Amino acid sequence: MEKKRWDCTALPKGWKMEEVTRKSGLSAGKSDVYYFSPSGKKFRSKPQLARYLGNQMDLSSFDFRTGKMLMSKLNKNRQRLRYDNNNQNKGKPDLNTSLPVRQTASIFKQPVTKVTNHPNNKVKTDPQKAVDQPRQLFWEKKLSGLNAYDIAEELVKTMDLPKGLQGVGPGCTDKTLLSAIASALHTSAAPITGQLSAAVEKNPGVWLNTTQPLCKAFIVTDEDIRKQEELVYSVRKRLEEALMADMLAHVEEAANEGEALKEEGNGSEDMESV
């Protein structure tokens, strides 16, 4: 074997490059390249050399066979580094709008759900996967035993529901029925019709429509509307009389205060004249 060793100018000072050419055998004429550090340590591959030098030198453009820096790779690396730095300074946004895949054990790829609260955003949903949120049956029974009190801590009289309204479900009382109807009127924009299915009386836990209150189906007649209008008119009339009486009381009180101030002024004048 023929050995040749010389200084490698591409590496730091003190590094040697050795080329060994085989003279005989099946691999005759083939040459192997080795590198030696200033301390005499031998390196047989570019990865070994890169691990040894670490951050001291960038060997991405270094040719291990020739011991030289390839200018084409060096310029390309410089351009790429400059391009990455410019994009990082500009803050270029990521244009990839696809949602990441959920990391689950499922054999099917499930994308992550995108949730937004902005009214102008439009989110596409799969109608097959869109299901109603589950609701607890007979949750209105939790309100049983709760009463309303006025400012004087006196119990407020509850409303009297029409006889046509009948509750549905186990242990449904008038208070539970009133809470169910009031909740449905405040939380739902759909018409209140009651439970239309006749099977709900046999098994409310299966056939109960959670969007409707816990009452049987009912029909509002013209007589019910007329009675309600009379009740509203009566309440408004009493409110008008109460407001008028309060206004008259304020006027009378102001007049009495004016007369009292006038009498005090006359009495002070009499005292001064004396």
Side-chain angles (χ1 to χ4, degrees), residues 1-137 139 187 210:
M1 292 186 295
E2 182 181 1
K3 297 182 180 180
K4 296 180 181 180
R5 183 179 294 188
W6 59 89
D7 293 336
C8 182
T9 57
L11 296 178
K13 186 178 180 180
W15 281 80
K16 302 289 185 179
M17 176 182 177
E18 183 180 87
E19 184 178 9
V20 180
T21 305
R22 300 176 185 177
K23 294 294 185 179
S24 60
L26 297 177
S27 60
K30 183 178 180 181
S31 60
D32 298 325
V33 177
Y34 306 100
Y35 290 86
F36 294 86
S37 66
S39 61
K41 188 174 181 180
K42 186 177 181 179
F43 298 90
R44 301 176 181 271
S45 63
K46 184 176 179 179
Q48 292 180 356
L49 191 61
R51 285 194 297 269
Y52 183 81
L53 292 175
N55 297 329
Q56 298 179 10
M57 186 176 182
D58 184 14
L59 298 180
S60 59
S61 303
F62 179 74
D63 188 6
F64 190 84
R65 296 295 303 175
T66 61
K68 298 179 180 180
M69 289 291 184
L70 299 179
M71 298 305 297
S72 58
K73 288 186 177 180
L74 186 61
N75 295 332
K76 187 180 295 184
N77 292 337
R78 289 177 179 175
Q79 292 177 1
R80 182 173 56 188
L81 181 61
R82 191 182 302 112
Y83 177 78
D84 294 340
N85 292 335
N86 292 336
N87 288 342
Q88 186 176 4
N89 294 333
K90 292 180 180 178
K92 185 177 180 181
D94 186 10
L95 300 180
N96 185 13
T97 58
S98 60
L99 294 176
V101 178
R102 193 186 305 275
Q103 300 297 326
T104 59
S106 176
I107 60 176
F108 303 103
K109 294 183 178 180
Q110 300 178 354
V112 176
T113 305
K114 183 180 180 182
V115 180
T116 177
N117 295 328
H118 198 278
N120 295 330
N121 289 341
K122 296 181 180 180
V123 180
K124 294 183 179 179
T125 58
D126 188 357
Q128 296 180 355
K129 296 182 180 180
V131 294
D132 295 335
Q133 294 293 331
R135 296 185 181 182
Q136 185 179 12
L137 296 179
W139 66 268
T187 60
T210 57

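All figures in this text were calculated on a predicted structure; none of them were measured in a lab.
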Specify the closest pair of heavy atoms between M17 and V33, including all atoms of both residues, with the distance to one decimal. CE-CG1, 3.6 Å
Give me the atom names and distance for the closest heavy-atom approach of G67 to A10. O-CB, 3.4 Å
Residue list, ring pair (Phe, Tyr, Trp, His ring centres under 6.0 Å) with Y35, at least two apart or on another chain: F62, F64
How would you list, by chain and number, every residue that makes a side chain to side chain contact (heavy atoms under 4.5 Å, CB included) with P38, sequence neighbours excluded? W15
Residue list, side chain to side chain contact (heavy atoms under 4.5 Å, CB included) with K42, at least two apart or on another chain: Y34, F36, R44
Residues passing the salt bridge (Lys or Arg N to Asp or Glu O under 4.0 Å) test with D63, sequence neighbours excluded, are none
Residues in salt bridge (Lys or Arg N to Asp or Glu O under 4.0 Å) contact with E18, at least two apart in sequence or another chain: R5
Distance in Å, [X] [atom1] paired with [Y] [atom2], rounded so as to fall on 0.5 Å steps:
| X | Y | atom1 | atom2 | value |
| --- | --- | --- | --- | --- |
| K46 | L59 | NZ | CG | 6.5 Å |
| K3 | S31 | NZ | OG | 14.0 Å |
| K16 | L11 | NZ | CG | 12.0 Å |

Let me have the donor-acceptor pairs involving side chains of residues 49-57, under 3.5 Å, with sequence neighbours excluded, atom names and distances please.
none

